Amino acid sequence: MNATDRLRAAVVTAARSLGAPADFAPVIERPRDPTHGDWATNAAMALARPLGKKPADIARALVDALDKGAAGVADASVAGPGFINFRLAAGDLAAGLATVLQLGEQYGRTQDGAGRAVNVEFVSANPTGPLHVGHGRQAALGDAISSLLVYTGWTVTREFYYNDGGGQIERLRDSVRARAIDSALGDDHYHGEYVRDVATYAIERIAADRATTSGAVRQMLATEWEDDAALRDAVRRHAVAYLRGEQDTDLKAFGVRFDVYYLESSLYGEQRVDGTISALMKTGHAFEQDGAIWLRTTTFGDDKDRVMKRSAEKGGEPTYFVPDVAYHVTKWERGFARAIDVQGADHHSTVTRVRAGLQALEIGIPKGYPEYVLHQMVTVMRAGEEMKISKRAGSYVTVRDLVDEVGRDAVRYFFLMRKGESQLVFDVDLARKQSDENPVYYIQMAHARLCGIFRVGEVDAAAVTGAGVDWARLSEPEERELVKTLLDWPALVKGAADALEPHRVATWLLETARLVHLWYHKHHVLGEAPEVTQARLALAKAARIVLANGLAVLGISAPERM
RNA sequence: GCGCGAGUAGCUCAGCUGGAUAGAGCGUCGGCCUCCGGAGCCGAAGGUCGUGGGUUCGAAUCCCGCCUCGCGCACCA
């Protein structure tokens with residue numbers, strides 16, 4: 001049991017003796033103002049209503065009833081409207097660091113997920129062009145959310161869904177052909193410069209396949225396009241392969257790996273799309289109108305019903321959300337207790353539809369399945385101006401542009417430092433700066449600095465285990481603050497995981513780094529009295545561990561020197 | 001028009017699921033270099049939490065109305 005749980009248990013015991021209900025669960029928290037104490041509880045205020053007494057009176061009674069020894073506090077006092085503030089003996093507070101040193105990179109991990117399977121789907125870009133900044137934000141978010149879930153005991157599968165069916169791929173194919181034969185581009189073609197590279201690649205591959213020359217392939221593309229289905233298919237195949245390869249390269253450079261690449265086209269091969277339509281018709285939530293088959297999604301909270309299968313005159317194909325439903329059924333069937341989809345907010349209209357489809361199947365999928373993490377758009381700024389033009393993509397900035405220019409760590413941090421629902425302004429100039437103005441630098445510097453202490457002092461960090469440390473030596477205000485923040489890490493990471501909000505980790509890291517710098521600047525570790533140096537080395541190592549753990553969750557490196 | 005998101009310091013944003021005097025970074029102003037790295041640190045100024053009501057011991061946080069901005073409202077994907 002940790003210090004907080006011990007304190008909470010003691011408060012509950014005292015509250016029960018005053019007649020508190022059996023399920024009473026007071027909040028134990030750190031007061032915002034450190035002069036108030038190390039911990040505080042709102043127990044008296046929360047009991048005001050059930051007990052019918054004034055919070056201040058209850059607070060005094062609680063303090064009298066509290067077993068301070070069992071609670072592990074040196075002092076308890078009533079303040080403000082009825083808060084009870086607790087102060088720990090200096091040594092008792094810092095003794096918590098022993099756990100940090102003992103657990104190392106395990107510190108903060110929990111088993112909340114109990115090994116259950118969760119699927120995190122993100123990026124899922126169509127293979128029609130390079131990854132742009134929005135995909136980058138999604139890659140950073142999805143990867144960090146996955147890490148948070150791993151950290152809290154879930155078995156995570158990172159998944160990338162390829163929309164390799166549908167009209168966009170035909171558009172890509174036709175664009176490549178247009179580029180290959182230098183014909184004019186229409187409104188329904190992709191205009192990015194990258195299409196030229198795709199065309200070059202496709203021509204070379206087709207020339208190799210057919211044992212002929214590039215020139216001959218160009219000629220065929222110009223004259224035999226309409227008649228040669230195999231040629232059209234070859235262009236499509238090679239174009240998709242090329243762009244998938246490019247996307248993989250970008251993601252690798254960004255340090256993101258996927259466990260599963262799921263192809264939309266495979267759903268058709270397995271008859272899952274048609275199967276989903278007939279299954280939905282069987283459950284009675286479908287109906288026919290105007291020659292099309294509709295799903296009554298309004299039953300499940302949608303504002304209008306949706307077409308599942310187009311009428312004959314519109315081609316008779318299923319609409320987009322049907323394969324999406326079929327796809328999510330596979331997640332359920334593959335045994336994922338939770339499915340989390342990270343998407344741009346411009347896709348939020350599909351949320352209701354997909355969930356409605358899953359519910360309408362009536363196969364026991366929970367109502368909130370899948371969970372969605374939606375994020376707003378990214379604006380890239382340079383020299384105070386919005387950047388839109390990329391050499392590669394033409395009309396938007398790519399992930400590769402950003403990673404090339406500012407580095408992977410900075411890109412990750414900048415994408416993760418805001419909550420997803422906030423629009424994000426990516427300041428390229430700031431991200432490039434190698435100074436304290438740049439938050440990622442500031443945090444990494446704190447880590448490097450702590451490593452520097454061991455390096456300069458020629459202290460073997462592995463030998464600092466916390467054994468024999470007189471924790472009461474860590475009595476400076478800056479030390480107490482830092483200690484408390486480090487001990488907050490497990491609760492912080494749990495909260496971030498539960499809320500699927502990695503930005504909390506980013507914000508917390510910045511605050512922790514600030515406290516490290518402050519402490520470092522004001523107090524020396526080396527060259528003090530042996531007991532003091534020993535205690536401070538323990539603190540330095542604990543801080544280094546926790547910073548490294550936090551950076552690891554975000555997928556950012558923790559350099560030992562800068 | 002309907003739905004979703006956002007509106008907090010000059011700027012960019014946090015605010016831990018309702019708590020104490022609303023915070024951080026940057027910017028501005030004023031200080032600090034014999035130092036385990038100045039790639040740093042300290043201090044100050046700066047707020048009607050968009051707005052008007054409501055709920056209660058207590059609201060930036062929950063509810064309702066209104067305003068502004070973004071996104072979405074296909075037999076597109």
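Throughout, a chain's letter reflects where its sequence line sits, starting with A, and its residues are numbered from 1. All figures in this text were calculated on a predicted structure; none of them were measured in a lab.
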Hey, does the side-chain of A:His348 have a donor or acceptor N/O within less than 3.5 Å of a partner on the base of B:rG5? no

At less than 3.5 Å, do the side-chain atoms of A:Ser311 and the base atoms of B:rC75 form a donor-acceptor pair? yes

Applying salt bridge (charged side-chain N to carboxylate O under 4.0 Å, His left out) as the test, list every pair that has at least one member in residues 121-134 of chain A; sequence neighbours left out. A:Glu121-A:Lys331

How many Å lie between [atom1] on [X] and [atom2] on [N], as a whole number?
X        : N      : atom1 : atom2 : result
A:Glu288 : B:rC75 : CD    : C1'   : 13 Å
A:Ile453 : B:rC36 : CD1   : C1'   : 6 Å
A:Arg432 : B:rC26 : CZ    : C1'   : 19 Å
A:His347 : B:rA74 : NE2   : P     : 15 Å
A:Gln423 : B:rC11 : CD    : P     : 16 Å
A:Lys522 : B:rC32 : NZ    : C1'   : 13 Å
A:Glu421 : B:rG7  : CD    : C1'   : 14 Å
A:Arg353 : B:rC4  : CZ    : C1'   : 13 Å

Quote, to the nearest angstrom, the [atom1] distance that separates [N] from [M].
N      : M      : atom1 : value
B:rC2  : B:rA20 : P     : 36 Å
B:rA60 : B:rG54 : P     : 15 Å
B:rC32 : B:rA22 : P     : 32 Å
B:rG23 : B:rU48 : P     : 15 Å
B:rG7  : B:rA14 : P     : 7 Å
B:rC26 : B:rC41 : P     : 8 Å
B:rG72 : B:rC11 : C1'   : 29 Å
B:rG65 : B:rG3  : P     : 9 Å

On the six-membered ring of A:Tyr442, is A:Arg514 placed so that its NZ or CZ lies under 6.0 angstrom from the centre and within 45° of the ring axis? no

From the list A:Leu486, A:Leu450, A:Ile443, side-chain contact (heavy atoms from CB on, under 4.5 Å) partner of A:Val516 resolves to A:Leu450

Under a 4.0 Å threshold between the charged nitrogen and the carboxylate oxygen, would A:Asp57 count as salt-bridged to A:Arg60? yes

Set of side-chain contact (heavy atoms from CB on, under 4.5 Å) partners for [X], sequence neighbours left out:
X        : result
A:Ala548 : A:His447, A:Arg544, A:Ala558
A:Ala461 : A:Phe454
A:Ala239 : A:Leu172, A:Val176, A:Val198

Which pair of heavy atoms, one from A:Val63 and one from A:Ala76, lies closest together, and at what distance? CG1-O, 3.8 Å

Correct closest heavy-atom pair for A:Ala20 and A:Leu47 would be CB-CD2, 3.6 Å

Sequence neighbours left out, what pairs pass side chain to side chain donor-acceptor pair (under 3.5 Å) with at least one residue falling in residues 497-510 of chain A? A:Lys494-A:Asp498, A:Glu501-A:Arg504

Just grab all the side chain to side chain donor-acceptor pair (under 3.5 Å) pairs involving residues 449-462 of chain A, residues at least two apart or on different chains. A:Arg449-A:His517

Any idea if B:rC71 is syn or anti, going by the 90°-from-0 cut? anti

Would you call B:rU17 syn or anti, using the 90° rule around 0? syn

Would you please name every residue forming a ring-ring contact (aromatic ring centres under 6.0 Å, His included) with A:Tyr369, sequence neighbours left out? A:Trp332

List the residues meeting ring-ring contact (aromatic ring centres under 6.0 Å, His included) with A:Phe414, not counting sequence neighbours, and say none if there are none. A:Phe426

At under 4.0 Å between heavy atoms, what does [X] touch on the DNA or RNA strands: base, sugar-phosphate, or nothing?
X        : answer
A:His375 : nothing
A:Val456 : sugar-phosphate
A:Asn126 : sugar-phosphate
A:Gly452 : sugar-phosphate

Bracket notation of RNA chain B in which parentheses pair within the strand, [ ] cross earlier pairs, and | pairs with another strand (Watson-Crick or G-U, under 3.5 Å): (((((((..((((.....[...)))).(((((.......))))).....(((((..]....))))))))))))....

Along RNA chain B (nearest heavy atom to each residue), the more 5'-positioned of A:Arg455 and A:Tyr320: A:Arg455

How do A:Gln289 and A:Ala345 order along RNA chain B: which one's closest nucleotide is nearer the 5' end? A:Ala345

Per-nucleotide protein contact along nucleotides 14-25 of chain B, 5' to 3', at a 4.0 Å heavy-atom cut-off (B base, S sugar-phosphate only, - neither), is SSSB-BB---SS

Do A:His524 and the base of B:rC36 stack face to face, with centres under 5.5 Å apart and an angle between planes under 30°? yes

Side chain of [X] only, heavy atoms from C-beta on: which candidate in [options] is closest?
X        : options                : result
A:Val425 : B:rA77, B:rC13, B:rC75 : B:rC13
A:Asp290 : B:rG72, B:rC75, B:rG38 : B:rC75
A:Leu518 : B:rC4, B:rC75, B:rC41  : B:rC41

The correct set of residues in residues 291-309 of chain A placing a heavy atom under 4.0 Å from RNA chain B is A:Ala292, A:Lys304, A:Val307

Side-chain donor-acceptor contacts of residues 518-525 of chain A below 3.5 Å, not counting sequence neighbours, with atom names and distances?
from: A:Trp519; atom 1: NE1; to: A:Glu479; atom 2: OE2; distance (Å): 3.1
from: A:Lys522; atom 1: NZ; to: A:Glu478; atom 2: OE2; distance (Å): 3.1
from: A:His523; atom 1: NE2; to: A:Glu478; atom 2: OE1; distance (Å): 2.8

